[in-house]
Amino acid sequence: MSRRSDLGKLEAVLLDMDGTLVDSDASVERAWSTWAGENGVAAEAVLAVAHGNPSERTVRRFFPLLDDDAVALAVRRLTALQCDDLSDVVASPGAADLLTALDRLGLPWAVVTSAGTRLAKARLAAAGVEPPMLVTIDDVRHGKPDPEGYLRAAAALGVDPAACLVVEDSEPGLAAGTAAGMTTAALRGLSGDLRLNDLGHLAHLLRRARTTPWWRDAVGYQVYLPSFGDSTGDGWGDLAGVGEHLDHLTSLGVDVLWLTPFFRSPMRDHGYDIADYSAVDPLFGGEAALAGLLAEAHRRGLRVIGDLVVNHTSDDHPWFRAAASSAIDPYRDFYIWRDPAPDGGPPNNWLSHFGGPAWTFSAATGQYYLHLFRPEQPDLNWRNPVLVQQIDEVIEHWLARGLDGFRIDTAAYLVKDADLRDNPLLPADLLAPMAGVTMDWRRQDHRYDIHQPDVHTIHERWRRVADRHDAFLVGEVYELDPAALARFVDGERLHSSFWFGLVETNWDPEQIDTMLAAAVAASPRLSWVQGNHDRRRAATRYGGGETGRRRSLALHVLMALLPGTMWFYQGEELGLGDGHVPPGHGADPLGAAQPDQSRDVARTPMPWRPGPGLGFTTGRPWLPEGGRSAADTVAAQEADPASHLNALRGLMMTRRALADLLAATDEVTKVDLGAGVTAYRRGGLWAVANLRDTPVPAVDLPAPAVFDSDDAAVSPQRPKSGPVRLAPQQALLLMRPRLRWPVVRSCARRGGV
């Protein structure tokens, strides 16, 4: 499986000019079209081969019988045409960000082009770019795809070619970089070692590669595999379907992709019942599909983490089948077995999340086995050192094959009380009114079945394994007390853990204010999340419709400032509310036990484009489409500048622009900007929001706004200053003014080679 390109070890960046560093396409097209007309050649034919090739080569292709003097004359004419027409030559999108990043990171860079020196200098000057080194066709004997120009630049910089990154937008240029033994980065949808949206994307990847640790302030995205993308038309999402939508994730600003379980499974709980930890289920595409997805994700600079589900297995797992066959089987102690109570019933009062006792009787051996979830999901015995070693090997296996870490399912459940003592019951006056299996679970004080102190030892063990691979471990720990949650990420335990305060609440601004302040104070290593595949969607919980979307966006603005990792659940970027699943059409086993707690509403297919199947599938989806409208789809929202998707993209791009300030400190303080205003400060940045349903009169901003949820025109390049009136759920990011860096500063000597 493909490993990600190690941008942290780069020593130089070598940039092609036309179409890569300089947006000169229109000028090039006009010049070649004029030349073609003068020489009686079809302009379309010339333009098809001219890009990325030296002018001399293109002339000879169309006029092979010309002598050298005639070719030189034709090239001079072309150069004159191009040098005389530079009115719309500008730096390419993201170029200023990239060159500033290279300067700050201390990375030498050069421009290597198949254009002549005169033309190259004219175009670069028109674009406002002054490279520290310029290698042109006048400096070498051969143009691209010959590697000579890139090798010459590396030698002049004193850098090993293997430590150079070539950035290109043409096949000949990429071939030249590959032939030089260099890592390649491709624009225009071409396939290099990296695939870039634009040069700003590369700037971000280079900064992140030099951030320690790499997950610090990263943006994560959860894919619920059955519902994200179906590549086969069978109605079930798969790994290749995820690969088809990676560009959507990179355009959103995602750094880390979390895949729900893809292991072999009978799918009674849609993959969270694993029958083989070492195999990719054919329903998700098998081994080749995972290899392909990892390769394509890593080419885009995306990290990919899997879902480590090791509190329990499927009852179809060979371990459990062996364990259930005999009380003396070697695998018996991989699970938790006990004799019946004196009355013949379960050994204690523990309950399953899905209703009823957490124990099922096995007639074959006369004992009960433990399952905190479904009977088909028997719990593993984490007090067995042989099991512990087996799971170590599972982790090593997948990290070696290309995963960048794991989300740890039910991370605090693994270890149980050694004596299996009964859980105490909570006083009735502490319980909110609720019926069904969820209420049964909440009646108990889960003192002995979950959250045992010994679980930290397991996490510390995994941390040592992960750190050897530079991998990331983020826990699913349903601990709403931030101080208690912080203990799971202390020292050398988990790298991060989700804080579910914003997942477990409906809209209550005062409560959210209080909870968020406590979580911010607890640890800088938390993961911030509004939703997941186990809970109703945030926009619905927060009020539904446009109100719910505005409230969710305001919280995302606050989350964007906080240290740690911020996460999106698929569809959250579209502001999706719960999908509609008609009675009798659901698939969630919890929903079968308690319909009002069904998780299906958060799992309906991702709406990519209008029409049957919503672009998710060409077949019949495994869950109903959810009643989505055309306006809910990615395609429709991409075309709407005022959409929820474009607002979040703007927020994420602003956050990227502020990366240096975010990296300066993890310290966050709550700021008093007046009644009704929620505000936090992190170094030279502020996040300010009105979470209430009434406007806040003029607020004196402590710094200019660089993002405004209600005004897409506000940006770091176009800040807004002065007092503002905050509408309900309006949110801002502020940046203290600072000295601007020049677009380019010398990283090496100037001029030709």
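- Ion pairing between a basic and an acidic side chain is recognised when a charged N comes within 4.0 Å of a carboxylate O; R141 and D146 show no such pairing.
- When side chains are defined from C-beta on, R656 does not count as touching R207, because their heavy atoms never get closer than 4.5 Å.
- With hydrogens and angles disregarded, no donor-acceptor distance shorter than 3.5 Å links the side chain of T184 to the backbone of V166.
- A salt bridge does not link E171 with R188: none of the charged nitrogens is closer than 4.0 Å to a carboxylate oxygen.
- The shortest side-chain heavy-atom distance between W215 and R208 does not fall under the 4.5 Å cut-off.
- In this structure a side-chain-to-backbone donor-acceptor pair under 3.5 Å is present from E287 to V280.
- Using modelled atom types, one side-chain atom of H201 and one backbone atom of N197 make a donor-acceptor pair closer than 3.5 Å.
- For the atom pair CG of L239 and CG of L259, the computed distance is 6.5 Å after rounding to the nearest 0.5 Å.
- Atoms CZ and CD, from R300 and E296 in turn, are 5.0 Å apart once rounded to the nearest 0.5 Å.
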Residue pair R303, D255: steps toward the side chain to side chain contact (heavy atoms under 4.5 Å, CB included) verdict: CA-CA 6 Å; R303 308 273 184 152; D255 302 305; 6.0 Å; no
Walk me through whether D193 and T183 qualify under side-chain hydrogen bond (donor to acceptor under 3.5 Å, both in side chains). CA-CA 6 Å; D193 298 311; T183 302; 4.6 Å; no
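- Using modelled atom types, no side-chain atom of T20 and backbone atom of M17 make a donor-acceptor pair closer than 3.5 Å.
- Salt-bridge annotation for D160 and K9: absent, with no side-chain N of the basic residue lying under 4.0 Å from a carboxylate O of the acidic one.
- Between D666 and R525 there is no salt bridge, since no side-chain N of the basic residue sits under 4.0 Å from a carboxylate O of the acidic one.
- A donor-acceptor contact shorter than 3.5 Å is absent between the side chain of Q222 and the backbone of W258.
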Under the salt bridge (Lys or Arg N to Asp or Glu O under 4.0 Å) rule, what do D88 and R30 come out as? Steps first, then yes or no, please. CA-CA 11 Å; D88 52 4; R30 287 194 298 270; 2.9 Å; yes
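- Distance alone, capped at 3.5 Å, is enough to place a donor-acceptor pair between the Q637 side chain and the L645 backbone.
- Counting only heavy atoms from C-beta outward, the side chains of I395 and W462 approach each other to under 4.5 Å.
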Hey, mind stepping through T113 and V22 against side chain to side chain contact (heavy atoms under 4.5 Å, CB included) and telling me if it holds? CA-CA 11 Å; T113 177; V22 174; over 6 Å; no
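- Side-chain contact between P131 and W109 is present, with heavy atoms from C-beta onward closer than 4.5 Å.
- In this structure, the separation between CZ on R210 and CG on L205 is 11.5 Å, given to the nearest 0.5 Å.
- Listed here is the closest heavy atom pair of A203 and L98: CB-CA, 3.6 Å.
- Here the straight-line distance linking atom CG of D404 with atom CG of D470 works out to 8.5 Å at 0.5 Å rounding.
- Of the inter-residue distances, the one linking R464 atom CZ with H469 atom NE2 reads 13.5 Å to the nearest 0.5 angstrom.
- Of all heavy-atom pairs spanning E56 and V71, the tightest one is CG-CG1, 3.5 Å.
- A perpendicular orientation is assigned to the rings of F263 and Y277, their planes being inclined by more than 60° (bins at 30° and 60°).
- Nearest approach of L399 to A466, heavy atoms of both residues: CD1-CA, 4.2 Å.
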Start with the C-alpha gap between D16 and K144, add the side-chain angles, then the distance that decides, and say whether salt bridge (Lys or Arg N to Asp or Glu O under 4.0 Å) holds. CA-CA 10 Å; D16 172 52; K144 303 166 188 175; 2.9 Å; yes
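- A donor-acceptor pair shorter than 3.5 Å can be found between the side chains of T117 and D138.
- A donor and an acceptor atom, one from each side chain of S527 and S496, are located under 3.5 Å apart.
- In terms of the side-chain hydrogen bond (donor to acceptor under 3.5 Å, both in side chains) criterion, residue partners of E573 (sequence neighbours excluded) are, by chain and number, Y221, H248.
- Checked by atom type, the side-chain pair D238/S231 shows a donor-acceptor distance below 3.5 Å.
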Yes or no on side chain to side chain contact (heavy atoms under 4.5 Å, CB included) for F472 and W214, after CA distance, side-chain angles and deciding distance? CA-CA 9 Å; F472 178 47; W214 61 259; 3.6 Å; yes
Applying side-chain hydrogen bond (donor to acceptor under 3.5 Å, both in side chains), run through T260 and D307 and close with a yes or a no. CA-CA 5 Å; T260 53; D307 212 325; 5.6 Å; no
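- Side-chain N or O atoms of S170 include one that pairs as donor or acceptor with a backbone N or O of G173 at under 3.5 Å.
- Between R123 and D18, at least one side-chain nitrogen of the basic residue sits less than 4.0 Å from a carboxylate oxygen of the acidic one, meeting the salt-bridge criterion.
- With respect to the salt-bridge test (charged N to carboxylate O, under 4.0 angstrom), the residues D281 and R264 do not qualify.
- Within the 4.5 Å cutoff, no side-chain heavy atoms of T618 are placed close to those of D230.
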Show your working on side chain to side chain contact (heavy atoms under 4.5 Å, CB included) between L199 and L187 and close with a plain yes or no. CA-CA 8 Å; L199 295 181; L187 295 162; 4.1 Å; yes
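- Atom CD of E244 sits about 10.0 Å away from atom CH2 of W608, to the nearest 0.5 Å.
- Residues V49 and R61 form a side-chain contact, since some pair of their non-hydrogen atoms from C-beta on lies under 4.5 Å apart.
- Aromatic ring centroids of W398 and F262 lie under 6.0 Å apart.
- The heavy-atom pair separating G220 from V254 by the smallest distance is C-CG1, 4.5 Å.
- Counting only heavy atoms from C-beta outward, the side chains of F406 and V474 never approach each other to under 4.5 Å.
- The side-chain heavy atoms of F284 and L225, taken from C-beta on, include a pair separated by under 4.5 Å.
- Between A297 and L246, the shortest heavy-atom contact is N-CD1, 3.6 Å.
- Here the closest non-hydrogen pair linking A635 and R609 is CB-CB, 3.9 Å.
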